[in-house]
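Right, one structure below, let's go through it.
Remember, it's 1-based here, ligands and their atoms both numbered in the order they're listed. Nothing here was measured: the structure is a model prediction, and the numbers come from that model.
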Amino acid sequence: MFVKHGMNQLSSSRNFTLSSSAVLRRQHFLIRSLAGGGHSNYCTLNRMQETNPLEADAENILRAITPSLDPTRHKGQAGKIAVIGGCREYTGAPYFAAISALKIGADLSHVFCTKDAAPVIKSYSPELIVHPILEESYSIGEGDRKYISGKVVAEVDKWLERFDCLVVGPGLGRDPFLLDCVSEIIKQARRLNVPIVVDGDGLFLVTNSIELVSGNSLAVLTPNVNEYKRLVQKVLNCEVNDQDAHGQLLSLSKRIGDVTILRKGKADLIADGEIVKSVSVYGSLRRCGGQGDILSGSVAVFLSWARQYIMAAEGNVAIRPTNPTVLGCIAGAALLRKAASLAFENRKRSTLTGDIIEYLGKSLEDICPAC
Ligand SMILES: NC(=O)C1=CN([C@@H]2O[C@H](COP(=O)(O)OP(=O)(O)OC[C@H]3O[C@@H](n4cnc5c(N)ncnc54)[C@H](OP(=O)(O)O)[C@@H]3O)[C@@H](O)[C@H]2O)[C@@H](O)CC1
Ligand SMILES: Nc1ncnc2c1ncn2[C@@H]1O[C@H](COP(=O)(O)OP(=O)(O)OP(=O)(O)O)[C@@H](O)[C@H]1O
Ligand SMILES: [Mg+2]
């Protein structure tokens, strides 16, 4: 009530005081004081949202699907992830996705990128296995296209079956030749039943060729606000309806043949054609670029772990829902948001994606200790 009253006073005085910066500063101070502090209040609001029946039981899901660190396990069993992305413009996005997968606990993380991007990505981290195999139109002659496309696809194909999940799109760019090659990689992954998380420019590609993912129950789309708008316009032939966000997301996922969609935003909404879940716990006020890339790498790892967990449970799955792609989305979204909130607590306005990545380990450890 006090907050409301204070806010009303502030808004009624807005018209004639906005020009004064001292008054503005006092207004901001008053709003923060009445609301109990910027970030902590934000978290409290999020905690209140946990009473929402659609809110996923993210912490229990994280505990259930994260594999124990067992001395009998060998390298590779905790996950082999590959990111298809990285071009002349973007080297950060594939790095963020691939390194996040390792920081969460995957054993191996590969990046398939263009020749220009590879040395840059390699230099960020020796932990990543980087394949400089993608080609953009500018670097090849008209007559070489078919031959080079075959070579690119064959090179990825050598590895494809070994991966537990592909992340297609972070920093991929929109070169038409490159995207044609990536279409073939997506088709091949589907033939081999390799799950894929489609993000960034991968979404630009599949939005224009929806048949690439349509009906693939092992595909996850992770659109941000722009990517979601394009997807809704293209597939549902209408505008985004925030009044019925859950219903529209469900319709969209149904229309694309029950693929799983994680709509990123203030609350992350997840649908698979059957159910809708929301992840709104934790979070940060900082919107620096690259957080979606962390998310795509994280979802890939948790999706792989969820599949392993469900296979091992042999029908005795202790958590709901039971679709591994949805579980992967819930776990990935919750972990990113927790890491972002910890990073923000420390770094405030200067929080960057690299800072958030540094908190992925602690965030998982708090929920699910290693030993
Ligand atoms: N540090 C890094 O390396 C990071 C790299 N990142 C990477 O950036 C890529 C784009 O992702 P993003 O999130 O900027 O896309 P989004 O919000 O739809 O676009 C914003 C506006 O830009 C425009 N536009 C975009 N791409 C375009 C293109 N190739 N050519 C022309 N226009 C283009 C777009 O226009 P529109 O599509 O609406 O016509 C919209 O108006 C993606 O690969 C991502 O992974 C990020 O992950 C962040 C960290
Ligand atoms: N308004 C918000 N409040 C809280 N968290 C948010 C908000 N918007 C986005 N997020 C968080 O940030 C994550 C990344 O979402 P974002 O929309 O920034 O993705 P993106 O644009 O694809 O990022 P990238 O810059 O990596 O491409 C989401 O999963 C969500 O957890
Ligand atoms: Mg993105």
Ligand 2 to E227 polar contact by distance, N or O atoms, under 3.5 Å: no
Between CG on residue D268 and CG on residue L262, distance to nearest 0.5 Å: 5.5 Å
Hydrophobic cluster membership, I357 vs F302, 4.5 Å side-chain cutoff: yes
Close N or O approach (R287, ligand 2; < 3.5 Å): yes
Under-4.0 Å heavy-atom contact with ligand 2, by part of L262 that carries it: neither
Proximal atoms of ligand 2 relative to G289 (non-hydrogen, under 4.0 Å): 25 (O)
Whether G290 lies under 4.0 Å from ligand 2, heavy atom: yes
Atom indices of ligand 2 within 4.0 angstrom of D293 heavy atoms, with elements: 26 (O)
Proximity flag G200 to ligand 2, non-hydrogen atoms under 4.0 Å: no
Side-chain donor-acceptor pair present, D57, N60, cut-off under 3.5 Å: yes
Minimum heavy-atom distance between I81 and A101, given as atom pair plus value: CG1-CB, 4.1 Å
Whether V225 lies under 4.0 Å from ligand 2, heavy atom: no
Partner residues of T114 under the side-chain hydrogen bond (donor to acceptor under 3.5 Å, both in side chains) criterion, sequence neighbours left out: none
Gap between atom CD1 of I275 and atom NE2 of H246 - 0.5 Å precision: 11.5 Å
Those atoms of ligand 2 less than 4.0 Å from some heavy atom in L295: 29 (O)
Heavy-atom nearest option to atom 22 (O) of ligand 2, drawn from K266, R263, K264, Q291: K264
Between Q291 and T353: side-chain donor-acceptor atoms closer than 3.5 Å: no
Polar proximity ligand 2 side, N224 side, N/O cut 3.5 Å exclusive: yes
Can you give each donor-acceptor pair under 3.5 Å made by side-chain atoms of residues 191-205, sequence neighbours left out, with the distance rounded to 0.1 Å?
| from | atom 1 | to | atom 2 | distance (Å) |
| --- | --- | --- | --- | --- |
| R191 | NE | Q188 | OE1 | 2.7 |
| R191 | NH2 | Q188 | OE1 | 2.9 |
| D199 | OD1 | T222 | OG1 | 3.0 |
| D199 | OD1 | K264 | NZ | 3.2 |
| D201 | OD1 | R174 | NE | 3.3 |
| D201 | OD2 | G173 | N | 2.7 |

Set of ring pair (Phe, Tyr, Trp, His ring centres under 6.0 Å) partners for Y124, sequence neighbours left out: Y95
Side-chain heavy atoms of T66 within contact of I104, under 4.5 Å: no
G292-ligand 2 polar pair, N/O distance under 3.5 Å: yes
L221 and its side-chain contact (heavy atoms from CB on, under 4.5 Å) partner, picked from I256, T207, L252, T260: I256
Numbered atoms of ligand 2 (with element) below 4.0 Å of G265, judged on heavy atoms: 2 (C), 5 (N), 6 (C), 7 (C), 8 (N), 9 (C), 10 (N), 30 (C)
Under 3.5 Å side-chain donor-acceptor pair for S68 and D70: no
Within the protein, flag every N or O under 3.5 Å from an N or O of ligand 1, and note the pair and distance.
| from | atom 1 | to | atom 2 | distance (Å) |
| --- | --- | --- | --- | --- |
| ligand 1 | 3 (O) | G92 | N | 3.3 |
| ligand 1 | 3 (O) | A93 | N | 3.1 |
| ligand 1 | 13 (O) | N224 | ND2 | 3.4 |
| ligand 1 | 17 (O) | N224 | ND2 | 3.3 |
| ligand 1 | 17 (O) | N226 | ND2 | 2.8 |
| ligand 1 | 18 (O) | R230 | NH2 | 3.2 |
| ligand 1 | 37 (O) | R174 | NH1 | 3.0 |
| ligand 1 | 37 (O) | R174 | NH2 | 2.9 |
| ligand 1 | 37 (O) | R230 | NH1 | 2.5 |
| ligand 1 | 38 (O) | R230 | NH1 | 2.9 |
| ligand 1 | 43 (O) | G171 | N | 2.9 |
| ligand 1 | 43 (O) | D201 | OD2 | 2.5 |
| ligand 1 | 45 (O) | G171 | N | 2.9 |
| ligand 1 | 47 (O) | D293 | OD1 | 3.0 |
| ligand 1 | 47 (O) | D293 | OD2 | 2.7 |

